[in-house]
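Worksheet: one structure, shown below.
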Amino acid sequence: MALPLPPGLTPPETAFMCEMEMVTIIPRQRLEGLELLGGPIPPLNPPYRTALPLWLALLLKRQRRANILPPPWLSPPSLLSILDIEKSTPSFSPPPPLSPHTTTSPPFLPSATSNAPPDALPYHWLELGEMLLEAASDDIAEPDNVRRVMRDLREVRMAKMRAGVGVLEGGREVNMNGVGGMEVAEGRTFIGGVVDGLRKIGASKEMSRREREAEERENGIGGGEEDEDDMDI
Amino acid sequence: MDIDDILAEVDVHAVPRQTQDLQEFTRAWVTERNAPEILPWPDALMQRILERIRRQIELVEEQTGNTDPKANFRLIIFQTELERFKFLVRSFLRARVAKIDAHALHHLTDPSTKARLSPSELQYATTHTTLLHAHYRSSFLSQFPASLQRMDDTAGGMSMVEGPDVDRAVFVRALKDVEEPVYVEGTDMAFEMRKGDVVVMRWSAVREVVIAGDAELI
């Protein structure tokens with residue numbers, strides 16, 4: 001009964017989460033509004049655009065009841081300019097700007113609708129792009145080009161993930177701004193394992209430091225000086 | 001503040017209750033799947049979600065047998081969503097059960113951890129431990145000298161009861177600018193978190209920030 005999976009979202013679970021992203025569709029059939037568990041769905045009236053969760057958009061698309069309007073970043077010119085940014089910095093390209101008023105986070109940000117920013121990769125870029133290319137390639141302009149640039153982007157970013165492991169040795173916190181959901185899912189075991197392994201190597205040093213600090217707190221500053229004198233002798 | 005900000009603020013308040021619950025529960029699920037420790041049981045949220053699922057199942061049952069193709073397609077949508085919700089709830093509960101199974105005695109003896117369990121989880125942990133105890137006793141513990149029969153010995157300053165590794169590395173994303181820098185005990189590491197930052201950190205250092213809702217695990 002207990003979950004047999006290791007801690008941390010696995011790639012299929014990340015894809016499941018990605019299916020909650022909102023995408024814009026152009027309905028081809030009428031559908032009345034529905035009261036779903038995750039909130040109401042507005043009525044679909046062709047040819048008016050509506051934003052729907054990806055899982056529902058894919059369901060409609062597969063049954064030819066709607067077309068999906070791909071997000072602006074999923075087009076060759078946008079992806080190419082992002083690729084240029086990726087190649088020019090050692091960190092990931094900056095994620096889409098966040099609204100200062102909400103603490104909503106992916107997959108509930110409007111980062112895959114038709115009015116998403118065209119110049120930044122959202123958190124679920126890889127999964128979302130793959131799913132749209134698989135199910136709705138006829139709605140995407142130049143799907144083969146998109147697929148090619150996506151692969152380039154993925155390789156550049158994977159190389160950065162691997163290069164980033166060098167930073168881990170310092171035992172510092174690791175900054176990964178702009179990382180994607182699938183990239184986290186793939187790299188989690190390795191990065192987590194390295195961080196944990198390094199921590200265990202440094203554990204005894206850390207323990208003695210903790211004890212010394214606790215002692216210093218007890219003895220006050222004078223106590224610390226005494227310690228130093230002892231060491232001189 | 002320009003017009004976009006005002007619109008954004010209005011949008012937040014316009015988010016329906018159901019959608020807010022879905023967002024909250026998805027976050028709880030991700031946190032539970034990532035964190036080494038069990039987290040507080042979200043009682044009210046869980047009750048709302050289970051009640052909605054129950055009503056939706058009734059609705060689907062009522063409508064099955066309706067042969068109108070339109071109603072039929074509506075039913076497919078309802079059922080697809082229902083399955084997604086059921087998956088979330090099940091995965092959430094099973095992740096918690098996995099943690100209880102791994103350190104059952106710890107969950108029963110440590111008061112702060114014990115308070116985070118739901119009534120049925122508590123009952124499960126208790127029964128589980130009792131059964132295991134009885135089994136150990138009948139198969140080998142009774143053969144040991146009385147002083148070695150305990151399962152929760154603390155002799156020698158070391159407790160036998162093992163808890164989860166709270167220092168395990170997790171991926172964290174800041175949801176707000178965190179005012180106070182986060183300190184890592186035992187090292188001279190301290191770092192600030194700005195909204196949207198993603199860092200890999202040990203869970204014990206960010207636990208408070210995550211539980212306060214200023215950051216989330218990913």
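The sequence lines fix the lettering, A, B, ..., with proteins before strands; numbering per chain opens at 1.
- Within 6.0 Å of CD in B:Gln123 there are 12 or fewer heavy atoms belonging to other residues, nucleotides or ligands.
- Proximity of B:Phe171 to A:Ile191: side-chain heavy atoms (C-beta onward) are separated by under 4.5 Å at one or more points.
- Put simply, the side chain of A:Arg199 reaches to within 4.5 Å of the side chain of B:Asp165, judged on heavy atoms.
- The CG atom of A:Leu3 sits 10.0 Å away from atom NZ of B:Lys99, with the distance rounded to the nearest 0.5 Å.
- To the nearest 0.5 Å, the span separating CZ on A:Phe108 from CD on B:Glu24 amounts to 11.0 Å.
- Shortest non-hydrogen contact noted between B:Arg94 and A:Ala2 is NH2-O, 3.5 Å.
- Only the side chain of A:Leu56 comes within contact range of chain B, judged by heavy atoms closer than 4.5 Å.
- For residues 18-36 of chain A, the salt bridge (charged side-chain N to carboxylate O under 4.0 Å, His left out) pairs, not counting sequence neighbours, are A:Glu19-B:Arg84, A:Glu32-B:Arg74.
- Options B:Val30, B:Val170, B:Asp167 differ in how many heavy-atom pairs under 4.5 Å they form with chain A, and the most are formed by B:Asp167.
- When heavy atoms are compared at a cutoff of 4.5 Å, A:Met17 approaches chain B solely by way of its side chain, counted from C-beta outward.
- Checked by atom type and distance alone, the side chain of B:Glu81 pairs as donor or acceptor with a backbone atom of A:Leu37 at under 3.5 Å.
- Counting heavy-atom pairs under 4.5 Å between each of B:Ile100, B:Ile77, B:Asp21 and chain A puts B:Ile77 at the top.
- Both the backbone and the side chain of A:Phe16 come within contact range of chain B, each with at least one heavy atom under 4.5 Å from a heavy atom of that chain.
- Environment of CZ in B:Arg194: crowded, with over 12 heavy atoms of neighbouring residues, nucleotides or ligands closer than 6.0 Å.
- For A:Leu36, the parts sitting under 4.5 Å from any heavy atom of chain B are the backbone and the side chain alike.
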Can B:Phe73 and A:Leu60 be said to form a side-chain contact (heavy atoms from CB on, under 4.5 Å), step by step?
CA-CA 10 Å; B:Phe73 181 61; A:Leu60 294 171; 3.5 Å; yes
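- Of the atoms belonging to B:Glu32, not a single heavy atom falls under 4.5 Å from chain A.
- Counting heavy atoms of neighbouring residues, nucleotides and ligands inside a 6.0 Å radius, atom CZ of B:Phe87 exceeds 12 of them.
- Pairing each heavy atom of A:Ser99 with each of B:Lys195, the nearest pair is O-NZ, 2.8 Å.
- Residue with the most contacts toward chain A among B:Leu22, B:Asp197, B:Leu217: B:Asp197 (heavy-atom pairs, distance under 4.5 Å).
- The interface of residues 177-187 of chain A with chain B, defined by heavy-atom distances below 4.5 Å, comprises A:Asn177, A:Val179, A:Val184.
- Heavy-atom distances place the backbone of A:Pro6, and not its side chain, under 4.5 Å from chain B.
- Within residues 38-45 of chain A, the residues having any heavy atom less than 4.5 Å from a heavy atom of chain B are, in residue-number order, A:Gly38, A:Gly39, A:Pro40.
- Contact annotation for B:Arg17: neither backbone nor side-chain heavy atoms come within less than 4.5 Å of a heavy atom of chain A.
- Heavy-atom neighbours of chain A within the stretch residues 33-56 of chain B, taken at a separation under 4.5 angstrom, comprise B:Arg33, B:Asn34, B:Arg52, B:Ile53, B:Gln56.
- A heavy-atom distance below 4.5 Å is not found between the side chains of B:Gln23 and A:Ser105.
- For A:Arg65, the part sitting under 4.5 Å from any heavy atom of chain B is the side chain, from C-beta outward, and nothing else.
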